[in-house]
Amino acid sequence: MNEYSVTRRARRRPLSRALSGRASSANSLSSLSLALLIACGFAGAAHADARAGAAPQDPALAQRLRLEESLSRIDRQLYAGYFRQAYARYPSIPAGTLEAVAYVTTRWQHLQPDAAGYGEQHQHMPRAYGVMGLYHGEGFADQAGEGARLLGVPAQRVLRDPASNILAAAALLDRELRADAVNAKSPVEATRAALERYAGFAPSAGAAAKSAVQSHARASFAFDVLSAQDKGVNDRGIVVPARAVAWERAFDAPALLRLRAPFVRLDVAADKVEALGADGGWRIDPLDETLRAPAGSRSEVAAAAEKSTDYPPALWVASPYHSTRTSYDSVTIHTMQGYYAGSISWFQNNPNSVSAHYLIRSSDGQITQMVRENRAAHHVGVHNKTTLGIEHEGFIANASWYTAAMYNASAALTRHFCATYSAIGCASAFKGPGGTGINVLPASVKVKGHQHYSSQTHTDPGQYWDWARYYNLLNPGTPGGGSVIDSFESSVGHFDSAPAYSGSTTGISAASLAERNCTTRKNGECSLRVLLKDDAASSNAWAVRLLSGGGNPGSNAALTRAGGKVGVWVYTGASGVSAAIGIDDSDGTERSVARAIPVNTWTYLEWRLDDDAQWDAWVGGANGAITAATVKLDAVWLYRDQTAFDVNVYLDDVQTKN
């Protein structure tokens, strides 16, 4: 793909439109300009003249990431062919479902738990095998064995051979879909129940399988698979075709509230959206852009009960495995060696009594708390009684799981620990290189990995965790100048499910896109290319809002107002283009004054957070000034008068300075 190639995407059906499906026409959202999420792809190979210091902030890590990416893309081309073979054998499976399941469970990596580099069986979690991440018993269902039986092949073939592994998953899923009379022509949301049964967490019989927590874990798995299809994925050889999901047909509103769909959008003309109108009063919050229950309703009370009292951004899902704490001395960073929904299930019901305080989802940084902070979770052996544990979704041998949304959510949680417990200091966090083995660090290092404690055999979070980046997120005001929020080196960063052309965007067509581009860049090797194409049916000038935080600005790192600056490198070959930024303040969303982008030259644009003259009120109760001590980046804005010509704009190194 060169910098001018375009992959057209169908218009998706956002949650805001889906939820209005039951409302009367008078209360519907037909007037709302709805969101379009554009898949972000990878273009080109790495250039040899990359500058030192580009993110990832560890140069050795950047080199490992480039090697991993090159090898992964070759494998993923083969897997795409195996998916086609599976659809030919099981034609009733809706297109894109298998790719989405593989994305959620393995990020299209052929998992071999016995191979060097895979990592240990973390927290006694059942091991997952192959491209589809099939379980083989060990406390969960024996998906590999049952799939092999359906295929009539030995189980070892399903465990070891990628093509057989995909076929086995297809056979299992086909069986569940046919039980619901779902076929390839069915709407994608009709697969939800079959996906929940397919998940394979708790064995199908017994109280554990029927518990509310297990039901939530299975619903979370189905949600993740449907979300991957709803947004679409085109990243480093992973391709999940985009298929619009009618979310209200897949889950009821309380479930969507609990699962926190991160892609609802606001009406720029209103402070809230009546998503279900007279039928229920559900609304979309204009600041964090997520679903809210009707005020005073039982759903609102239930939602409050499901939130963590220790850390309000987190959900609360209780694990029974905890014990007495003696002190608060450190924070332990883990990698699950599994995925989010499966880990929730495991920590609620396992024979080894293992658990963790918090779990973080890769795609959007959602956090679930499972053990209260005043209790000891069982995650790091002899150190359980003194440390707080954070489990991060993914596998240590695959860097794709470590997203900007995950880093930001994790760092915000750890900063909460540092502010709450005097013995834990964020300035004492580890900031050296990641590694593959055990590296015991002194007790004076208060934020470190599982592999950094004594008496351990586990090596997570491993070589791909960017400790330098994490340290800077924990200490955003440290001396030395700016901290890069997004460099677009190994992924599309905060914009990894965007640009989100929300209700506030005008003038551009659905064929517009954003993608990581390694041909035109300011620093390092890659940038974010935004291709803007005119909407011929509209005469409006272009105003384009690129939502950050993976489509959920609440996932972003906090920015300090006092002396704070936010800037971005921009480039375009078109005249008349300007840029601005949006900031989520305590009273609403403020939008900066626009700055012109000179033609054919990289230009650094910057705005001061504490200069009222640089800000205008936008939505919510915004007052045209940044007033909160800490705020979050909402979006980058691009403006231009209408033109029939395509316009390319490149962004690089979005950063903050104090």
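In this structure, a donor-acceptor pair under 3.5 Å is absent between the side chains of Gln456 and Gln451. In summary, the side chains of Ser220 and Tyr340 do not present any donor paired with an acceptor at a separation below 3.5 Å, with no hydrogens or angles considered. Using modelled atom types and a 3.5 Å distance limit, the side chains of Thr335 and His450 yield no donor-acceptor pair.
A donor-acceptor distance shorter than 3.5 angstrom exists from the side chain of Thr387 to the backbone of Ser330, with no hydrogens or angles considered. Within the 3.5 Å criterion, the main-chain N or O of Lys565 finds a donor-acceptor partner in the side chain of Thr656. Remark: the backbone N or O of Ala377 is not paired with any side-chain donor or acceptor of His322 at under 3.5 angstrom. At least one donor-acceptor pair closer than 3.5 Å links the side chain of Ser362 to the backbone N or O of Trp401. Remark: side-chain polar atoms of Asn384 are paired, donor with acceptor, to backbone N or O of Gly381 under 3.5 angstrom. Side chain of Glu138 to backbone of Arg127: a donor-acceptor contact under 3.5 angstrom is found. The backbone N or O of Pro442 lies less than 3.5 Å from a partner atom in the side chain of Lys448, making a donor-acceptor pair. Between the side chain of Gln214 and the backbone N or O of Ser345, at least one donor-acceptor pair lies under 3.5 Å. The backbone N or O of Glu393 sits nowhere less than 3.5 Å from a side-chain atom of Arg361 that would complete a donor-acceptor pair. Put simply, the side chain of Arg372 never gets that close to the backbone of His357: no donor and acceptor are under 3.5 Å apart.
Residues forming a side-chain hydrogen bond (donor to acceptor under 3.5 Å, both in side chains) with Ser592 (at least two apart in sequence, or on another chain): Trp607. Residues passing the side-chain contact (heavy atoms from CB on, under 4.5 Å) test with Gln63 are Arg66, sequence neighbours excluded. Under the side-chain contact (heavy atoms from CB on, under 4.5 Å) criterion, Glu68 pairs with Leu65, Ser72, Asn398, Ala399, Tyr464, not counting sequence neighbours. Here His416 pairs with Tyr311 under the ring pair (Phe, Tyr, Trp, His ring centres under 6.0 Å) rule; sequence neighbours left out. Partners of Thr105 by side-chain hydrogen bond (donor to acceptor under 3.5 Å, both in side chains), not counting sequence neighbours: none found. Legend: residues meeting side-chain contact (heavy atoms from CB on, under 4.5 Å) with Ser353, ordered by chain and number and at least two apart, are Tyr321, His378. Scanning for salt bridge (Lys or Arg N to Asp or Glu O under 4.0 Å) contacts around Asp329 gives Lys446, with sequence neighbours left out. Asn350 meets the side-chain hydrogen bond (donor to acceptor under 3.5 Å, both in side chains) test with no other residue; sequence neighbours excluded. Partners of Arg608 according to the side-chain hydrogen bond (donor to acceptor under 3.5 Å, both in side chains) rule, which considers only residues two or more places apart in sequence or in another chain, are Asp610. Evaluation of the side-chain contact (heavy atoms from CB on, under 4.5 Å) rule for Ala617 yields Glu590, Ala622 as partners, not counting sequence neighbours.
Between Tyr407 and Tyr470, the ring-plane angle classifies as tilted under the 30° and 60° cut-offs. Between Trp637 and Trp618, the angle of the ring planes goes over 60°, which puts this pair in the perpendicular group of the 30/60° scheme. Between Phe417 and Tyr421, the ring planes lie tilted relative to each other; the angle falls in the 30° to 60° range.
Taking 4.5 Å as the limit, every side-chain heavy atom of Ile367 sits out of range of all side-chain heavy atoms of Leu315. Contact of the Gln369 side chain with the Asp310 side chain is registered, since non-hydrogen atoms from C-beta on lie closer than 4.5 Å. Taking 4.5 Å as the limit, every side-chain heavy atom of Ser343 sits out of range of all side-chain heavy atoms of Glu391. Side-chain contact between Met125 and Met336 is absent, with no heavy-atom pair separated by less than 4.5 Å. A 4.5 Å side-chain heavy-atom check between Trp465 and Phe430 finds every atom pair outside the cut-off. Contact annotation: the side chain of Leu609 approaches that of Trp615 to within less than 4.5 Å [non-hydrogen atoms, C-beta and beyond]. A heavy-atom distance below 4.5 Å is not found between the side chains of His458 and Gln337. At least one side-chain heavy atom of Tyr604 sits under 4.5 Å from a side-chain heavy atom of Gln655.
Here CZ of Arg375 is found 4.5 Å from OG1 of Thr324. Values are rounded to the nearest 0.5 Å. Taking CD1 of Ile581 as the reference point, atom CZ of Arg591 lies at 12.0 Å (rounded to 0.5 Å). Put simply, OG on Ser410 and CD1 on Ile333 are 4.5 Å apart, with the number rounded to the nearest 0.5 Å. Note that CZ of Phe201 is 12.5 Å distant from CD of Gln348, once rounded to the nearest 0.5 Å. The line from CD of Glu606 to CH2 of Trp569 is 10.5 Å long, rounded to the nearest 0.5 Å. Atom-to-atom distance recorded for Trp108:CH2 and Arg236:CZ is 13.0 Å, nearest 0.5 angstrom.
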Check the pair Thr106 / Tyr339 against side-chain contact (heavy atoms from CB on, under 4.5 Å), numbers first and verdict last. CA-CA 8 Å; Thr106 72; Tyr339 52 96; over 6 Å; no
Carefully, step by step, assess Asp585 and Arg561 under the rule salt bridge (Lys or Arg N to Asp or Glu O under 4.0 Å). CA-CA 10 Å; Asp585 199 2; Arg561 175 188 180 275; over 6 Å; no
Show, in sequence, the C-alpha distance, side-chain angles and deciding distance for Leu388 and Ile424, and conclude whether the side-chain contact (heavy atoms from CB on, under 4.5 Å) test is met. CA-CA 10 Å; Leu388 293 152; Ile424 303 174; 4.0 Å; yes
With side chain to side chain donor-acceptor pair (under 3.5 Å) as the test, would you mind laying out the steps for Thr332 and His452 before giving the verdict? CA-CA 9 Å; Thr332 306; His452 297 142; over 6 Å; no
Begin with the C-alpha distance, continue with both residues' side-chain angles, and end with the deciding distance and a verdict on side-chain contact (heavy atoms from CB on, under 4.5 Å) for Leu473 and Asn408. CA-CA 7 Å; Leu473 288 172; Asn408 288 335; 3.4 Å; yes
Run the numbers on Val354 and Trp346 for side-chain contact (heavy atoms from CB on, under 4.5 Å), then give the verdict. CA-CA 8 Å; Val354 293; Trp346 186 247; 3.6 Å; yes
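Nearest heavy-atom pair across Val593 and Ala613 is CG1-O, 3.8 Å. Looking at every heavy atom in both residues, Ile583 comes nearest to Leu633 through CD1-CA, 4.0 Å. Closest heavy-atom contact between Gly133 and Leu111: CA-CD1, 4.5 Å. Pairing each heavy atom of Gly432 with each of Trp467, the nearest pair is O-CB, 3.2 Å.
For the disulfide (SG to SG under 2.5 Å) condition, no pair includes a residue of residues 339-414, sequence neighbours left out. For residues 326-430, the disulfide (SG to SG under 2.5 Å) pairs, not counting sequence neighbours, are Cys418-Cys426.
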